[in-house]
Each structure stands twice: as structure tokens, then as C-alpha cells.
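Okay, so here's the structure we're looking at.
Proteins come first, then strands; the chains are lettered A, B, ... in the order of their sequence lines, and each starts at number 1.
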2 protein chains.
Amino acid sequence: MDYKTKKVITIGVMSELTGLSERQIRYYEERKLIFPDRSKGGTRKYSFEDVETLMDIANHMEDGLQTHEIKKIQEKREQRRLPEAQLKEKMLRGQLNAHFNLRK
Amino acid sequence: MDYKTKKVITIGVMSELTGLSERQIRYYEERKLIFPDRSKGGTRKYSFEDVETLMDIANHMEDGLQTHEIKKIQEKREQRRLPEAQLKEKMLRGQLNAHFNLRK
DNA sequence: CGTGTAAGGAATTCTGACACG
DNA sequence: CGTGTAAGGAATTCTGACACG
């Protein structure tokens with residue numbers, strides 16, 4: 001529906017758009033920083049929003065950050081974007097997970 | 001720059017987005033109704049604006065119009081979209097072409 | 001840790017043509 | 001006229017691995 005979030009871009013085009021190598025783009029996916037869709041055949045599909053995310057990642061990498069640090073930043077950004085109710089629910093789930101993980 | 005006009009979509013995705021076959025999409029290009037970019041390798045790249053254009057074409061085809069009729073409609077639409085100055089210039093060029101074609 | 005690369009295979013796309021109508 | 005299809009080839013993408021560091 002939305003031009004911004006519709007996943008339609010191949011990794012080759014993404015590479016041109018962001019200046020990153022395909023290797024880098026796939027690696028950031030492995031590190032859970034980017035989440036492409038897949039075609040039936042298995043080829044990755046990205047959105048324009050993903051282009052912005054990748055350029056953001058590229059900037060952070062230039063600053064010498066590690067992928068897990070960038071992941072943290074993304075999570076905080078996501079929290080700030082959430083409404084109150086959802087945020088509380090999310091935090092509660094996190095506490096529950098921590099609780100049960102400790103008891104295991 | 002613009003999500004709407006940037007050519008980044010492959011023909012396979014276009015086919016899914018519009019419901020048209022790749023054969024149909026290529027044919028409309030042959031009839032000068034749609035103008036994809038090409039990658040270095042030669043694969044077609046479309047924009048979201050092209051998606052809208054194709055769906056418009058699909059509607060006209062359902063109405064039983066022929067491709068050259070749809071082409072005419074596109075040209076009129078393009079004229080309406082042009083500012084005065086450009087329009088006059090365009091018409092003048094057309095007259096000049098007609099003139100020289102006649103004298104050939 | 002982050003990225004390049006060669007390897008082999010699979011998915012995707014391309015063109016020109018034949019077919020039908 | 002508009003579209004399907006089989007054909008052969010080329011471009012694109014995929015994964016897992018080795019390398020460097």
C-alpha cells in the first residue's frame with residue numbers, strides 16, 4: 001500500500017542506493033538489523049524505509065560502532081516510537097521473560 | 001530521490017503488484033506506454049509511478065481500448081499537466097516536424 | 001568483528017519467434 | 001492486436017565456507 005514500507009527492492013538495487021556491498025547488507029541482516037521479505041524463490045526484497053535504515057547503519061558503522069550497539073540504538077528508537085500502552089506491555093513481556101529465564 | 005519516481009522495481013515484482021503478466025508489461029513497453037530504466041545487465045527497473053501507470057493501462061484495456069488509443073489518452077493527460085510555456089513550445093515543435101515531414 | 005571472494009547452484013530476466021485469432 | 005509459451009542464454013541472487021585480522 002505505502003511506497004515507503006512496501007518491500008519491492010532487490011539487493012542489487014539496495015547496494016546501489018546505499019553504497020553498501022551485498023555482503024554488508026546480508027551481514028546486517030544476520031545481525032538482526034534489517035528484515036527483508038523473501039520472494040517465493042528466496043530472493044530478498046527491501047522497502048525504501050529499509051534504505052533509510054541501512055544508511056543509518058552505515059553512518060553508525062563509520063563512527064566505529066559495533067552491530068550489537070547499533071541494535072541497541074534501534075531498540076531505543078523503537079521504544080520512543082511506541083504509544084504508552086504498547087510500551088508498558090512490551091516492558092512487561094521483557095520482565096516476564098527475564099523472570100522465567102532466571103528460574104530455568 | 002523521490003520514492004514515487006525512483007526506478008527500482010523488477011518486472012517480476014511489477015507483475016505481482018499489477019496483476020499483469022510479464023509478457024503484457026513488456027508489450028506495453030513495446031507500444032511506448034511505459035518506460036522502464038535498465039540495469040547495466042539489461043534488466044528492467046520500474047517506479048511506483050509506473051505501477052500506477054500500468055494499472056491505468058490495465059483498466060483501459062479492460063474497457064476494450066487499443067494500445068494506440070491509450071497512448072493518445074496519455075498524451076492528452078501529459079498536455080494538461082504542462083505549464084503554458086512548455087505546452088506552446090511542444091506544439092510548435094510538432095508543427096515544425098509536420099512541416100518538414102511534408103517537404104521531405 | 002566485519003567484509004571480501006571464489007564456488008556451485010538456483011531463481012530471475014532477456015530476446016526473438018511461433019501460435020492463435 | 002494482444003498475449004501465451006517454449007528455447008537458449010545471460011544477469012542476478014543465494015548459501016556456506018575460507019581468509020584476514
task = May I ask you to verify if any side-chain N or O of A:Arg23 is less than 4.0 angstrom from the OP1 or OP2 atom of C:dG2?
result = no
ask   = What does C:dA19 pair with, Watson-Crick or G-U, if both distances are under 3.5 Å?
value = D:dT3
Closest listed nucleotide, where the reference is the side chain of A:Thr10 and the choices are D:dT3, D:dT13, C:dT3 = D:dT13
Among D:dG2, D:dT13, D:dT3, the one nearest B:Thr67 by side-chain distance = D:dG2
ask   = CD1 of B:Ile25 versus P of C:dT15: gap in Å, rounded?
value = 14 Å
query = When only distance counts, do a donor and an acceptor, one from the side chain of A:Arg44 and one from the base of D:dT13, lie under 3.5 Å apart?
reply = no
ask   = When the distance from CG of B:Leu65 to P of D:dG2 is rounded to whole Å, what number comes out?
value = 10 Å
inquiry  = With a 4.0 Å limit, can you tell me whether B:Tyr27 has a side-chain N or O closer than that to the phosphate oxygens OP1/OP2 of D:dT3?
reply    = no
B:Ile9 CD1 - C:dT13 P separation (whole Å) = 12 Å
request  = Rounded to the nearest angstrom, tell me the gap between atom CD in A:Glu22 and atom P in D:dT13.
outcome  = 5 Å
ask   = Going by an N to O cut-off under 4.0 Å, is there a salt bridge joining B:Arg81 and B:Glu78?
value = yes
note = Which of C:dG4, C:dG2, D:dT13 is nearest the side chain of A:Arg26? It is D:dT13
remark   = Pairing partner of D:dA10, by Watson-Crick or G-U wobble and under 3.5 Å for both distances, is C:dT12
task = Report the residue (B:Lys40 or B:Gln24) whose heavy-atom-nearest nucleotide on DNA chain D is the more 5′ of the two.
result = B:Gln24
Lys/Arg-Asp/Glu bridge criterion (N-O < 4.0 Å) met for B:Asp56, B:Arg77 = yes
query = Taking the side chain of B:Arg38 as its heavy atoms from C-beta onward, which of D:dC18, C:dT15, C:dT13 lies nearest to it?
reply = C:dT15
key: Rounded interatomic separation in angstrom, taking CD from A:Glu30 and P from C:dG2   = 10 Å
task = Would you mind telling me which of D:dT12, C:dG4, D:dG4 lies closest to the side-chain atoms of B:Thr43?
result = D:dT12
query = Does a side-chain N or O from B:Tyr28 land closer than 4.0 Å to OP1 or OP2 of D:dG2, or not?
reply = no
